[in-house]
Amino acid sequence: MDKNSWTYSEEVKKNFLHPKNFLEKEPKEGDFDAQGEAGSAACGDIMKVWIKVDLKSEKVKKFKWQTWGCASAIASTSVFSEMVTERGGMEIEKALKITPQQIIERLHGLPSIKIHCSVLADQAFKDAVKNYYAVHSS
Ligand code: FES
């Protein structure tokens, strides 16, 4: 897809209309190990994420999220949540290395003006990991 296009890819539309791992209800005590948050200076939108991590393997077992962000933020976070939890979960160290480019590739492109929306999940995840290690130091 042309990054200067105004058109969203089918993958963006699919993930926006049917987002994966969206947190519908407020979590109960013990549902997750840590929470993280990020805000976009570009638009003022907020992303909140919750993670559950396997203590031994340090694999991300659950990644849930909520946002007031736009369609691009929703689609990007939906694919990020799949990337870190699929195939039994990604190790935290590896998940921290996911780049915005990898997210955008999986979305089959994103208009360049929307790139700042695609980094919110990753930034909120980093905040959650920091909070996770504050309690579960390795
Ligand atoms: Fe705010 Fe996309 S415009 S997250």
Side-chain angles (χ1 to χ4, degrees):
M1 193 189 92
D2 175 6
K3 68 183 171 89
N4 295 317
S5 165
W6 286 87
T7 315
Y8 283 128
S9 71
E10 286 307 312
E11 207 55 29
V12 172
K13 288 184 207 162
K14 190 178 89 187
N15 278 280
F16 168 58
L17 294 172
H18 305 286
K20 304 283 186 342
N21 297 305
F22 179 77
L23 185 71
E24 309 228 349
K25 292 182 194 156
E26 286 309 304
K28 293 193 291 291
E29 182 84 32
D31 280 354
F32 297 95
D33 296 317
Q35 199 243 319
E37 210 170 301
S40 170
C43 65
D45 286 321
I46 305 278
M47 175 70 63
K48 284 186 180 182
V49 308
W50 290 260
I51 58 171
K52 184 139 189 88
V53 177
D54 180 69
L55 198 58
K56 214 168 171 188
S57 65
E58 296 208 321
K59 287 184 176 177
V60 182
K61 291 298 174 183
K62 278 194 205 171
F63 179 102
K64 299 278 184 180
W65 56 277
Q66 292 178 338
T67 189
W68 287 276
C70 66
S72 300
I74 291 168
S76 301
T77 310
S78 175
V79 300
F80 184 87
S81 74
E82 286 190 304
M83 290 165 89
V84 297
T85 55
E86 63 197 1
R87 291 187 284 273
M90 192 179 273
E91 286 168 16
I92 285 178
E93 279 308 305
K94 203 171 165 196
L96 287 170
K97 292 183 183 139
I98 293 175
T99 64
Q101 202 50 44
Q102 287 173 295
I103 297 169
I104 291 165
E105 271 169 29
R106 191 145 157 165
L107 285 171
H108 301 167
L110 206 55
S112 54
I113 198 161
K114 288 292 180 181
I115 302 297
H116 70 92
C117 317
S118 70
V119 302
L120 284 175
D122 168 56
Q123 288 173 352
F125 174 67
K126 286 185 171 113
D127 188 48
V129 168
K130 185 189 79 191
N131 294 335
Y132 174 78
Y133 283 128
V135 180
H136 305 86
S137 50
S138 49

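Both ligands and their constituent atoms are indexed starting at 1 by order of listing. Only a predicted model underlies this, so the values are computations on that prediction, with no experimental measurement involved.
Ligand 1 has at least one atom lying under 4.0 Å from a heavy atom of K114.
For ligand 1, the atoms sitting less than 4.0 Å from at least one non-hydrogen atom of C43 are 1 (Fe), 3 (S), 4 (S), numbered in the order shown with element in parentheses. Of all atoms in ligand 1, numbered sequentially from 1 with element shown, those under 4.0 Å from a heavy atom of A73 are 4 (S). Interface of L120 with ligand 1, defined as ligand atoms under 4.0 Å from a residue heavy atom, comprises 4 (S). In summary, the atoms of ligand 1 found under 4.0 Å from a heavy atom of C117, numbered by their order in the structure, are 2 (Fe), 3 (S), 4 (S).
For F16 and Y8, the gap between ring centers reaches or exceeds 6.0 Å.
Counting heavy atoms closer than 4.0 Å to ligand 1, residue C70 contributes atoms from both its backbone and its side chain.
Side-chain atoms of T85 come within 3.5 Å of backbone atoms of S81 as a donor-acceptor pair (strictly under, hydrogens ignored). Formation of a donor-acceptor pair under 3.5 Å by the K59 side chain with backbone atoms of I92 is not found in this model.
With hydrogens left out, the protein atom closest to atom 4 (S) of ligand 1 is D45 OD2, 3.4 Å, a heavy atom.
K62 forms a cation-pi arrangement with F32, by the criterion of a distance under 6.0 Å to the ring centre and an angle within 45° of the ring axis.
Looking at heavy atoms from C-beta onward, W50 lies in side-chain contact with Q66 at the 4.5 angstrom threshold.
If you check the side chains of Y133 and E58, you find a donor sitting under 3.5 Å from an acceptor.
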